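Below, chains carry the letters A, B, ... as their sequence lines are ordered, and counting in each starts from 1. As the structure is a prediction and not an experimental result, all values here were calculated from the model.
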Amino acid sequence: MDIPKTYDPKQAEERHYANWESQGCFAPEINRDPNAPVYSIVIPPPNVTGSLHMGHALQHTLMDVLTRFKRMSGHRTLWVPGEDHAGISTQIVVERELKREGTSRHELGREKFLERVWQWRHESGSRIMQQMRREGASVDWSRQRFTMDEGLSRAVNEFFVRCYEEGLIYHGEGMINWCPRDQTALSDLEVDKEAQAGKLYYLQYPVKGSDRRVTVATTRPETMLGDTAVAVNPTDERYLDLVGATLLLPLVGREITVVADVFVDPLFGTGAVKVTPAHDPNDYAIGARHELPLVKVIDQHARMTAGAGAEFEGLDRYEARERVVAKFEELGLLEKVVDYEFSISKCGRCRTVVEPLISLQWFCRQSELARRPLDLMRERREPRFVPENPYEKVYTNWLENLHDWTLSRQLWWGHRIPAWYTEDGRTIVARSEAEARERAGTDRLTQDPDVLDTWFSSALWPISTLGWPDETPDLEMFYPTSVLITARDIIFLWVSRMMMTGVKFTGERAFDDVFITGTIFDKHGQRMSKSKNNGVDPLEIFDKYGVDATRLVLASIETTDTRWNENQVESYRNFANKIWNAARFCLMNSEGARVGQGFAERRADWALHDRWIVSRLNRTARIVGEAIEKYQFHLAVQTLYHFFWDDFCDWYIELTKSEVTGAEASPAREAARSRVLTVLEQALRLLHPFMPFITEELWQMLPGIGDEQLHPAYAAAPLTIMLAAYPQAREELIDERAEGEMQAIIELVSRVRNIRSEMNIKPGEAVPLVVGAPDAEARAVFEAGAQQIARLVRASSISITETLDAPRASARAVLGGGAELAVPLEGLIDFAQERERLRKEEEKLTKEAERLRGQLANENFVARAPAEKVAELRQRMTDIEQRTSALRQSMEAFAE
RNA sequence: GCUCGCUUAGCUCAGUUGGUAGAGCGCACGCUUCACACGCGUGAUGUCGCAGGUUCGAGUCCUGCAGCGAGCACCA
């Protein structure tokens, strides 16, 4: 067999994914066990306009690890892929295209424009779905969904209609965030607060029938044109006599009153607040409490309206601001202007400063929908957040403080609001136009022109992708989903809303667990972003180091924020190569061997290194299995890395090499080869969820692979490692004694290697080795392993006796259990140097002995610490004493 | 203002019931040892942000402080 020395990831990546996909390995139907436990995940649907970034790759890796692990463990697994239509984002992308072509959506008209968007979606809108194949994501493509699919749109209408009928959705005037550039309403979650250096203007309003003036402070002087009151705190003695008084609004001449409202903070500014109910959310609330009139002075283009007066009409809001301030100054009513930092709301999409406006929109009363999810959290702590802190609290606090959700968007791309208006002014909300006509008793209907917030359909994602509102077998089988893996910035926009709708329509949580990933920053700790152009493209990393290596890095990130570190990928690329070469070695020596064979019936007949590696393997399977269940991906990766590299490669392969590479075919050689292959095959299975490609590539090459490796649930399925049974730890094979004995051999070998290195013995030069072990069992272990030890340390001979019997001119070392070793170095040894080496060793031991002695002499410790802890320390003390005394004897040999 | 994180080896990070500080990279020395130089062997490196406290014992629990960061509220 001719296997290259270096692993080429691309080659394997190209082949296997297509095979898995075409053979239907990703679909839950591949599982033939009717009683199989179910595991399901819905993907956070990426925006159809997006391209794969590290955050996606991170989430997808974790979802794939879980899905593959559960699938191999015999679960009926489903991971649903799909995309979000991403209302504004997509519309902007297509509008930009139109602009390049010299046209616009308005020229095209609604129908043509939508056709154009669909065309765009089909031609270039599924990039991420294609990129996911590269990642190895084992999603069920037969169930791929798009939020604008017919079925999902039906779910949207059903959701809307039911909520409307229950009064949870209503149509009315309300204070909303308006983006003057995108020309649409936005929900509170779609605007970002940003710190802004600005000014605070102190304006004076004359009191009618008096010389007195009331000074108000504002950051937005232009809105004074729409003021309909000034508010003060009812307890503020400065203004007590003015409550109810009439003020003359400068520039406008309108008479407005002074009202008392607890909202006003007497300590801020002047303690008097101008109230513009039509253009500020807080003022709107004050206005409602005091039944103040609404005067609209700013329009949807952020320009002043006729209501602002002829002098200002048509001015941009910022021009108007300057003009107003100038006027106040002229009139001597501008008290002062001070620098002031405040926060400003910007459109999450285009960064334009949003304008709070009163507008006729559709709203959803979310607080009603939040009630049952809150109960679920309080009563059953569902869903379970990972990490629990701070997200459980963040989620709960959010649900407890919900405002109404602005649903309608003045866009064309999205789910059209299922509301129709009759000519006589009635509103009909229905699942379809046909239903609306029937209900209205007329065909003369006009549908509401607006579409729904893109998050409205996202809120239904777990149920709509599974078939809701129909009672489908998928919904029955896969809901509630097992886990949601997502980024923290959409907990409110998405996670909490999925819980609200899921609970409302099914009575059950949308997912058992919610795993919030960490954030990947660039190497300077900056957030990766398009504008900063500091993003690391996952596909470039895949090209450079392979998908498997990248996945190991991503899986290790877990929930903590991390700076991107390419060295880490390189080290896992090296790990992949290590796996490749270990397998290469096994395959080069596989003639006559088969996976699954080579281990004798009776374990008592196994050699120490076989008992040891099987013990390590099972221990690894236990730790890894438990770690994945607990979302401790980093622990799982570390454990696998060290098992494979340290235990399997550095020790097991080296220990068995002479047997495995024997020149003559023999039953013993073939059995040894089979054992190595068997351990390798199990290791590949353990690694597969993290490294799907290299493990499949190698697994397919192993001799003896067949149905018996597959999990019973996949009995007749194609032979692929992704359907092999995930190794379960067999506790009876975890052998503490074998591990202890092996540890003694490892220590012996290490000490000799240390001497060789320190004494500058040439690697090729063989030296004799003398071992003295007072303990008979230890002696037996060393004797049994003598040949292997000799190979590992390049010993020309090994002599093992009860007491050390070595020439004076030897380098020495002590081992556990009072054993010691010597490497005779006639003519080569520098006595002074060796004395110094041993003295340092003794110093270390003495230091530790002192600490231990102190601890054991402490009556409080002995009395209060757990008995086993005390026993453990005593055991260590004994060992150190033995070592020290052996060491002292060695040193005597060098006494001058 | 409220809530919460992080601060461990030069770098990026682990450290799961409190019980002798770890990994990878990097560094030093030596190796074309017949799977792998993307490798092998050996070695050096930390007063675990600071100050207190609880405890026989604290990187780990509590309090305060500092630096960095996140979310929420407010911002007239």
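- Counting atom types as modelled, A:Glu848 pairs a side-chain N or O with a base atom of B:U20 as donor and acceptor under 3.5 Å.
- Regarding contacts with the backbone of B:U3, every side-chain N or O of A:Lys393 stays at 4.0 angstrom or more from both OP1 and OP2.
- Applying the Watson-Crick and G-U wobble criteria (two distances, each under 3.5 Å), B:U7 pairs with B:A66.
- You'll find the ring centres of A:Tyr391 and A:Tyr395 outside the 6.0 Å limit.
- On a pure distance criterion of 3.5 Å, a polar donor-acceptor pair joins the side chain of A:Lys657 and the base of B:A35.
- Heavy-atom neighbours of A:Glu859 CD from other residues, nucleotides or ligands within 6.0 Å: at or below the threshold of 12.
- Across all strands shown, A:Phe575 has no heavy atoms under 4.0 Å from either base or sugar-phosphate atoms.
- Side-chain atoms of A:Gln632 and base atoms of B:U16 include a donor and an acceptor less than 3.5 Å apart.
- For B:C38, its base sits under 3.5 Å from the side chain of A:Arg573 at one donor and acceptor pair at least.
- Judged by atom type and distance alone, A:Arg851 reaches the base of B:U20 through a side-chain donor-acceptor pair under 3.5 Å.
- Taking only side-chain nitrogens and oxygens, A:Thr560 comes nearer than 4.0 Å to OP1 or OP2 of B:A14.
- Residue A:Lys5 places no side-chain N or O under 4.0 Å from the OP1 or OP2 atom of B:C38.
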